Amino acid sequence: MKESLILIVEPERGALAELTQCFAGDYQVVGARTGKEASDFLETSEVDVILSNLRFKDMSGLDLFAQSRVTQPEAVRILVAEHKDLENINRDINDAAIYQVIRKPWHPTALRLMVRRALESRELSRRHRYLNRALKFSDAIWDKEIDTNQPSPRQSLEFDKLVFVSEPMMRVCSLAQRGAVTDLPILIQGETGTGKELLARAVHAFSKRRDNLFLVQNCGALPDELLQSELFGHKRGAFTGAISDRLGLFPAADGGTVFLDEISDVSPAFQVSLLRFLQEGEVKPIGTERTRKCNVRVIAASNRPLKGLVESGEFRRDLYYRLRGFELNLPALRERVEDIPVLAEHLANRYAESIGRRIPGIALDVMRRLKVHTWTGNVRELENEMRRMVALAENGEFLSTKHLSEELAVIEDPRSTADLSSAQRSLMNSGATLKETVERIERQLVSQSLIRNKWNHSKSARELGLSRVGLTNKIKRYGLEQVLTRAHSAGGENVD
Ligand SMILES: Nc1ncnc2c1ncn2[C@@H]1O[C@H](COP(=O)(O)OP(=O)(O)OP(=O)(O)O)[C@@H](O)[C@H]1O
Ligand SMILES: [Mg+2]
């Protein structure tokens with residue numbers, strides 16, 4: 001289990017040392033003596049407990065707590081205060097989301113016990129939320145048992161090797177589970193790198209065929225004759241180069257599943273053969289007249305929506321309907337931003353483990369950048385980024401902005417664009433007028449809100465405190481729709 005991290009904010013050197021001593025050994029402890037030091041740390045690192053004094057030179061502990069609710073919604077906030085101060089802060093306790101107040105002088109045993117109980121109770125409520133979601137995700141029987149003794153750091157859900165938290169993925173995986181237990185063909189569509197093959201494997205693992213073979217054929221890579229012979233087999237001498245009999249993939253996978261990747265690329269002649277196979281359930285190896293029954297479930301995948309190809313006459317309508325016994329559409333990563341943190345952590349940990357490196361976590365400002373990137377290569381692109389970051393990090397080091405690839409490092413931190421000090425900085429540095437700077441920031445805030453809300457104007461308008469008409473005017477004024485559409489289709493960055 002990851003060691004919990006406690007941030008102690010205490011201006012007096014002696015008192016800070018005493019508090020640090022109280023937790024040393026059992027927890028990771030970081031100390032800060034000013035509000036600024038503490039805020040800077042909270043900007044980049046995820047902490048489990050914030051233990052703070054009521055006053056420091058530059059800020060009050062209550063303000064620090066209230067601020068930290070945005071960056072650290074799950075942290076346990078504990079205030080250490082004098083008895084006489086408690087009277088005056090009653091009103092602010094809710095705003096600051098304080099879990100507990102400790103009176104000075106505190107006793108180390110009582111303080112340690114309280115922190116332990118607070119972390120336990122947080123873990124219980126996380127687990128409760130996690131189980132609720134899991135229950136909602138599916139009432140089908142899980143083939144992976146939930147181990148309730150394990151902490152659930154971000155309550156991610158899993159379907160075989162797929163990891164996610166977002167509603168759209170929950171819906172797709174739930175449908176996939178329902179499809180898996182039938183024996184119908186399944187069509188999986190989604191942009192490159194969205195996890196189509198992983199989902200196909202999950203469907204196989206969840207079906208009654210799980211103990212038999214799962215074989216993969218990439219249909220885009222082979223000329224027609226070779227593809228036919230790969231799948232259906234051939235007799236020795238059936239064509240030039242057929243120097244021996246070959247058992248096709250379909251008969252080889254008898255009782256199991258065959259995954260046909262890039263199905264949109266196959267020729268009209270192959271489409272006819274495949275349709276016949278799906279209808280009859282038998283194969284006729286090239287060069288023979290003998291047919292052979294084989295019981296195979298077909299899962300097909302495509303990067304391009306087949307429906308469009310059917311409309312344009314490039315793909316047979318009857319085959320399309322055969323293949324989509326169940327149709328599963330995997331959303332692009334930018335349409336499920338909530339999945340990015342859990343995927344980033346999962347992929348970083350998986351790679352770190354494989355090369356024997358320990359990575360304690362990912363800095364929050366890195367996460368913010370990951371969340372606004374467009375990810376045209378979807379989860380595969382994120383996987384490459386995380387591998388690169390882990391490879392650059394030292395053993396035991398947090399993944400921070402210095403490990404980001406250039407493409408991501410140039411993204412402005414979405415949070416810093418919203419705070420006033422950054423506005424001041426940019427005003428001073430760029431020589432722009434106040435009006436220009438304010439407009440630039442306004443444009444960023446509006447575009448980020450639109451991305452976050454997937455272009456749902458009502459939600460963004462509510463979030464930004466604008467009327468719908470007001471929002472439409474701003475979109476027009478800053479040319480946002482145009483810029484974003486272009487950025488997406490060209491695979492570029494989000495608007496600046
Ligand atoms: N939800 C997920 N959880 C964990 N890993 C994922 C997830 N989705 C994708 N991946 C990982 O991302 C990579 C790409 O996934 P996959 O090969 O299944 O995508 P694909 O849609 O088949 O891509 P392509 O269209 O390019 O063939 C794989 O390494 C896979 O393990
Ligand atoms: Mg694939």
Side-chain angles (χ1 to χ4, degrees), residues 143 158-163 172-173 175-177 179-234 246-267 269-271 273-278 281-283 285-286 292 294-306 309 315 319-320 322-330 347 350 377-381 383-384:
D143 70 343
E158 286 167 27
F159 178 36
D160 197 40
K161 297 205 170 64
L162 289 154
V163 174
V172 177
C173 292
L175 188 61
Q177 286 187 348
V181 293
T182 72
D183 224 11
L184 291 167
I186 292 189
L187 174 63
I188 304 177
Q189 303 184 106
E191 287 182 15
T192 180
T194 43
K196 296 185 292 296
E197 183 165 340
L198 220 54
L199 182 60
R201 288 181 187 278
V203 166
H204 173 74
F206 204 74
S207 75
K208 59 180 189 296
R209 296 171 179 268
R210 70 176 71 90
D211 295 327
N212 295 320
L213 287 176
F214 175 91
L215 297 178
V216 180
Q217 178 62 50
N218 183 340
C219 301
L222 292 181
D224 206 54
E225 194 173 61
L226 227 52
L227 181 60
Q228 298 256 8
S229 109
E230 278 295 320
L231 289 175
F232 302 114
H234 64 238
R246 179 183 188 116
L247 183 70
L249 219 65
F250 282 139
D254 204 4
T257 306
V258 168
F259 176 56
L260 299 177
D261 207 358
E262 299 189 31
I263 194 71
S264 59
D265 292 358
V266 299
S267 71
F270 181 82
Q271 291 181 31
S273 309
L274 182 59
L275 182 64
R276 197 173 314 126
F277 170 69
L278 290 171
E282 39 183 47
V283 292
I286 306 175
R292 170 182 170 171
C294 61
N295 168 15
V296 164
R297 180 202 218 152
V298 169
I299 304 182
S302 173
N303 289 332
R304 297 188 286 162
L306 283 192
L309 301 178
F315 202 87
L319 178 58
Y320 169 60
R322 269 280 163 180
L323 287 174
R324 60 183 285 246
F326 266 82
E327 185 177 316
L328 306 174
N329 293 303
L330 277 171
L347 297 166
R350 202 177 60 184
N378 294 292
V379 187
R380 184 175 296 108
E381 187 188 351
E383 188 173 34
N384 290 341

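Everything numeric here is computed off the predicted structure, so don't read it as measured data.
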Contact between Leu309 and Tyr320 at the side-chain level, heavy atoms closer than 4.5 Å - yes or no? no
Do Leu199 and Leu328 have side chains that get closer than 4.5 Å, going by heavy atoms? yes
Within the side chain of Lys196, is there an N or O that forms a donor-acceptor pair under 3.5 Å with the backbone of Gly190? yes
Mind checking whether Val258 and Phe250 have side chains closer than 4.5 Å, heavy atoms only? yes
Compare every heavy atom of Leu162 with every heavy atom of Ala202, then report the nearest pair and how far apart it is. CB-CD1, 4.3 Å
Closest non-hydrogen contact found for Val283 with Cys294 is CG1-SG, 3.9 Å
What I'd like to find out is whether the side chain of Leu347 reaches to under 4.5 Å of the side chain of Val163, using heavy atoms alone. no
About how many Å separate CG of Asp265 and CG of Leu260, when rounded to the nearest 0.5 Å? 12.0 Å
Going by the rule side-chain hydrogen bond (donor to acceptor under 3.5 Å, both in side chains), which residues pair with Arg322 if we only count those two or more places apart in sequence or in a different chain? none
Would you sort out whether Leu323 and Val298 count as a side-chain contact (heavy atoms from CB on, under 4.5 Å), showing the intermediate values? CA-CA 8 Å; Leu323 287 174; Val298 169; 4.2 Å; yes
For Arg209 and Asn295, test the side chains for any donor-to-acceptor distance below 3.5 angstrom and give the result as yes or no. yes
Considering non-hydrogen atoms only, spot the tightest contact between Val203 and Ala176 and give its length. CG2-CB, 4.1 Å
So side chain to side chain donor-acceptor pair (under 3.5 Å) across residues 252-263, not counting sequence neighbours, yields His204-Thr257
Heavy atoms, side chains only, cut-off 4.5 Å: are Phe270 and Leu231 in contact? yes
Where the side chain of Gln189 meets the backbone of Leu306, is there a donor-acceptor pair that is under 3.5 Å apart? yes
To check you understand the geometry: which heavy-atom pair defines the closest contact between Ala180 and Ile186, and what is its length? N-CD1, 4.5 Å
Which value, rounded to the nearest 0.5 Å, describes the distance between Glu197 atom CD and Phe259 atom CZ? 5.0 Å
Glu225 CD to Ser267 OG distance, which is reported to the nearest 0.5 Å: 11.0 Å
Donor-acceptor contact below 3.5 Å, side chain Asn218 vs main chain Gly220: yes
Calculate, to the nearest 0.5 Å, the distance between atoms CD and CG belonging to Glu327 and Leu175 respectively. 9.5 Å
Taking atom CD of Glu191 and atom CG of Asn378, what is their separation to the nearest 0.5 Å? 5.0 Å
Would you indicate whether the side-chain heavy atoms of Leu330 and Ile188 approach each other to under 4.5 Å? yes
When you look at Ile263 and Ser302, which way does the side-chain contact (heavy atoms from CB on, under 4.5 Å) test go after all the steps? CA-CA 6 Å; Ile263 194 71; Ser302 173; 4.1 Å; yes
Find out whether Phe159 and Val172 are in side-chain contact, i.e. whether some heavy atom of one side chain is under 4.5 Å from a heavy atom of the other. no
For the residue pair Ala200 and Ile299, what are the closest heavy atoms and their distance? O-CD1, 3.7 Å
When you measure from the side chain of Arg297 to the backbone of Leu184, do you find a donor-acceptor pair of N or O atoms at a distance under 3.5 Å? yes
Which heavy-atom pair separates Val296 from Ala253 by the least distance, and what is that distance? CG2-O, 3.7 Å
Does any part of the side chain of Gln217, heavy atoms only, come nearer than 4.5 Å to the side chain of Glu230, both counted from C-beta? yes
Point-to-point distance, once rounded to the nearest 0.5 Å, from CG of Leu222 to OG of Ser229: 8.5 Å
